[in-house]
Protein chains: 2
Amino acid sequence: MPESEASRSGRATMDDVAKLAGVSKSTVSRIIGRNVGAIQISPRTVEKVWEAARQLDYQPNAAARALGRQRTDTIAVVVPSGSPGHHERRFSNLKISEALSGIDRATSTRGYNVILQITAGDPFDDPRHRQVWASGAVDGILWCWEPLRDVEQLPLPVVAVNAVAASAGRGEIGVVNTDDHPGSTLALQHLARLGHTRVAHIAGPADNWNATERRRAYDDFCAAAGWEPVVESGDGFEDTGISAIGRLLSRDDPPTAVFVGGDRMAIGVLAEARSRGVRVPDDLAVIGADGMDFIRFATPRLTTVAMMMYEAARDAANMLMDLIEDRTAEPQQRFASTQLIVLDSCGFRRTYPEHPEETVARNPEELDLLHKRAAEAHERG
Amino acid sequence: MPESEASRSGRATMDDVAKLAGVSKSTVSRIIGRNVGAIQISPRTVEKVWEAARQLDYQPNAAARALGRQRTDTIAVVVPSGSPGHHERRFSNLKISEALSGIDRATSTRGYNVILQITAGDPFDDPRHRQVWASGAVDGILWCWEPLRDVEQLPLPVVAVNAVAASAGRGEIGVVNTDDHPGSTLALQHLARLGHTRVAHIAGPADNWNATERRRAYDDFCAAAGWEPVVESGDGFEDTGISAIGRLLSRDDPPTAVFVGGDRMAIGVLAEARSRGVRVPDDLAVIGADGMDFIRFATPRLTTVAMMMYEAARDAANMLMDLIEDRTAEPQQRFASTQLIVLDSCGFRRTYPEHPEETVARNPEELDLLHKRAAEAHERG
DNA sequence: CTGAAAGCGCTTACAG
DNA sequence: CTGAAAGCGCTTACAG
């Protein structure tokens with residue numbers, strides 16, 4: 001073994017590998033780093049170099065590589081932290097875990113690392129985040145849930161996930177949003193199929209992409225179906241679900257069903273209905289939106305429109321890496337799919353008790369099929 | 001402005017700043033980078049340099065800085081991904097979000113970045129993770145939930161959070177675990193106070209630190225209180241909670257209370273009790289462990305021992321940064337606190353209806369006080 | 001208090 | 001197919 005093997009840091013360097021293999025640093029770089037000019041190298045040399053690298057347990061230094069290539073194979077992922085109050089220590093949006101899994105799936109497949117940037121408030125207000133973006137520490141930014149302000153000024157490719165609609169498509173940035181409008185329509189069709197005509201809506205915060213799309217779908221559906229729109233507003237959390245359903249149930253003509261623009265508010269609705277002696281789904285059908293894990297822990301289990309954040313985030317990450325690797329690629333605007341998860345809070349299974357435990361419908365056709373099959377089974381049984 | 005301002009990457013470099021300020025690169029480095037020898041610099045020079053940096057919107061290059069300092073101010077955070085089956089797309093342990101928040105709190109305060117490494121299975125099996133550890137891309141590793149195998153061989157400081165007990169304290173690594181034993185004892189004392197003597201336990205997986213500590217606490221408490229220990233086992237998820245409570249309720253002498261070693265299993269217990277017509281808390285008191293967000297969405301709201309993962313993870317991150325900044329510092333073994341969250345599934349509030357909505361007890365003294373005050377209020381009312 | 005110079009460990013035109 | 005050399009943009013002893 002060459003004497004210089006263990007350099008100051010205790011780890012082998014590319015020079016050590018070159019000496020042991022009897023070749024130049026350039027050659028080692030071409031082989032190990034899969035770098036420029038690596039196409040034509042004699043098999044013998046390749047062999048020798050890998051053998052030397054193995055012997056020395058060589059690992060290329062990330063900083064030196066980044067400095068030489070002007071690339072880090074790392075992206076920044078900006079996600080919101082918890083909201084104020086007693087939630088401050090948790091992610092406010094439980095779908096973030098799902099998004100992170102999707103991002104990890106995409107990045108780990110393509111050999112990228114992820115720097116996690118959790119932000120309370122405006123990400124631009126955090127000098128440390130700006131430093132990461134401007135220091136060359138990352139090759140691109142995945143911008144999750146945050147409003148899009150100024151992102152297009154950044155000297156890096158940016159792709160946004162579930163960003164506020166108003167700003168989408170302004171600059172040269174990609175956007176992947178969940179498709180809440182058609183998803184919500186599916187939910188409303190489900191209620192219509194079950195015979196409801198007095199359906200209210202509890203809307204989430206107006207500055208949120210998902211919430212506004214859900215409300216828009218409700219308004220559109222009412223107009224098309226000839227329903228009278230009845231909307232109460234909430235902030236996305238349990239308490240406002242409780243107060244909103246309270247107001248709805250106190251009306252002279254209380255709704256027979258409610259489409260709640262968020263699963264956490266729907267949990268509040270279930271609790272308040274229970275404490276008022278209103279039976280769900282018998283007296284009131286409740287359908288949520290989000291697709292949080294805990295819908296299956298609610299009583300009754302909550303039927304909901306699930307946003308496929310895993311897919312959305314995975315696709316967004318892939319788009320970002322495409323932009324990084326090919327600067328001529330066009331940023332795109334895409335939508336991730338949604339699906340209706342049919343559980344117990346709308347009475348579908350009461351009508352069709354033979355139906356399997358949990359079923360999903362991803363589009364009007366599947367919903368159609370679902371209701372047809374259930375009806376057939378009902379007649380047979 | 002100097003002609004070289006916009007170097008190839010379009011961004012100002014340290015050289016540009018030096019020229020504009022009329023000083024040497026060394027000086028700029030000492031001032032901007034807060035580097036060696038920065039103590040004695042004339043105020044005028046400092047002023048000039050910052051002004052030039054501001055004018056050029058200068059941001060030091062991260063890779064170059066890392067290469068020069070042999071430090072990245074970045075840590076790797078290793079967390080488990082979802083388990084197999086339909087949970088594969090989510091973090092299996094919802095406490096991970098809480099841990100990430102705690103880590104972010106500590107690292108962002110001290111100017112560190114976080115590289116997120118989500119792993120399915122053994123982190124050592126992922127060559128990309130090993131590469132991050134060995135390439136100098138990070139200064140240390142925060143090892144969350146994973147078994148500790150081989151971590152001490154890594155050439156970096158490592159701190160583990162809620163790692164399996166067996167391996168803890170072997171090498172030169174720090175460990176911060178949640179203090180499940182005393183926490184669980186608190187839960188059992190709560191049940192004892194409420195008059196229960198036939199208390200069963202549903203244990204989580206034996207290869208999990210939290211689960212084994214909870215079971216140990218149960219065994220110890222039974223021995224001390226003279227209770228007959230009755231243990232059923234589960235895997236931590238809802239289904240096994242359902243089957244375990246089924247077996248317990250089918251006994252000739254069914255328990256009047258059950259300490260469930262995990263909130264998700266406890267949800268299964270609540271569901272199964274309901275479907276069997278067993279009223280909670282009247283016929284059966286149920287107490288969970290973990291402190292998941294969704295305990296407040298359950299019916300009845302689940303009383304539980306919450307593990308303070310935010311604190312645990314924050315402390316662990318701080319310990320790791322201490323080790324990085326002072327290689328002579330000793331890795332330590334610490335515990336993060338737990339607290340009993342008293343909600344509705346044990347009947348405490350049925351006995352003492354005047355009591356506030358949600359209360360916590362962090363230690364035996366507080367639990368004592370809780371019960372005493374509740375009793376007094378009860379007598380007065 | 002400040003500067004010139006070597007060094008960190010790679011990558012990549014440019015020759016050959 | 002391979003090597004010598006310049007360059008990436010910082011940091012830091014070493015002089016002065």
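Below, read A as the first sequence line, B as the second, and so on, with proteins coming before strands; counting in each chain starts at 1.
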Scan A:S42 against the nucleic acid and name what it touches under 4.0 Å (heavy atoms): base, sugar-phosphate only, or nothing. sugar-phosphate

Return yes if some donor-acceptor pair links the side-chain N/O of B:S29 with the main-chain N/O of B:K25 below 3.5 Å, else return no. no

Exam field: side chain B:T109 to backbone B:R105, donor-acceptor pair closer than 3.5 Å: yes

Can you measure A:I31 atom CD1 to C:dT12 atom C1' for me and round it to whole angstrom units? 15 Å

Pairing annotation in dot-bracket form, given for DNA chain D with Watson-Crick or G-U pairs under 3.5 Å and | for cross-strand partners: |||.||||||||.|||

Is a side-chain donor or acceptor of A:D126 paired with a backbone partner of A:P123 at a separation under 3.5 angstrom? no

Can you tell me if the side-chain N/O atoms of B:T13 get under 4.0 Å from OP1 or OP2 in D:dC8? no

Quick check on DNA chain C: between B:A64 and B:V46, whose nearest nucleotide comes earlier from the 5' end? B:V46

Main-chain N/O of B:V23 paired to B:T27 side chain as donor or acceptor, under 3.5 Å: no

Check: D:dG3 base within 3.5 Å donor-acceptor of A:R30 side chain: yes

Is the shortest side-chain N/O distance from A:S26 to OP1 or OP2 of C:dT11 below 4.0 Å? no

Using a 6.0 Å cut-off, check whether atom CZ of A:R130 has over 12 heavy atoms from anything other than its own residue. no

When you look at CD of B:E47, are more than 12 heavy atoms from neighbouring residues, nucleotides or ligands closer to it than 6.0 Å? no

Over all strands shown, is A:T27 touching base, sugar-phosphate only, or nothing at heavy-atom distances under 4.0 angstrom? sugar-phosphate

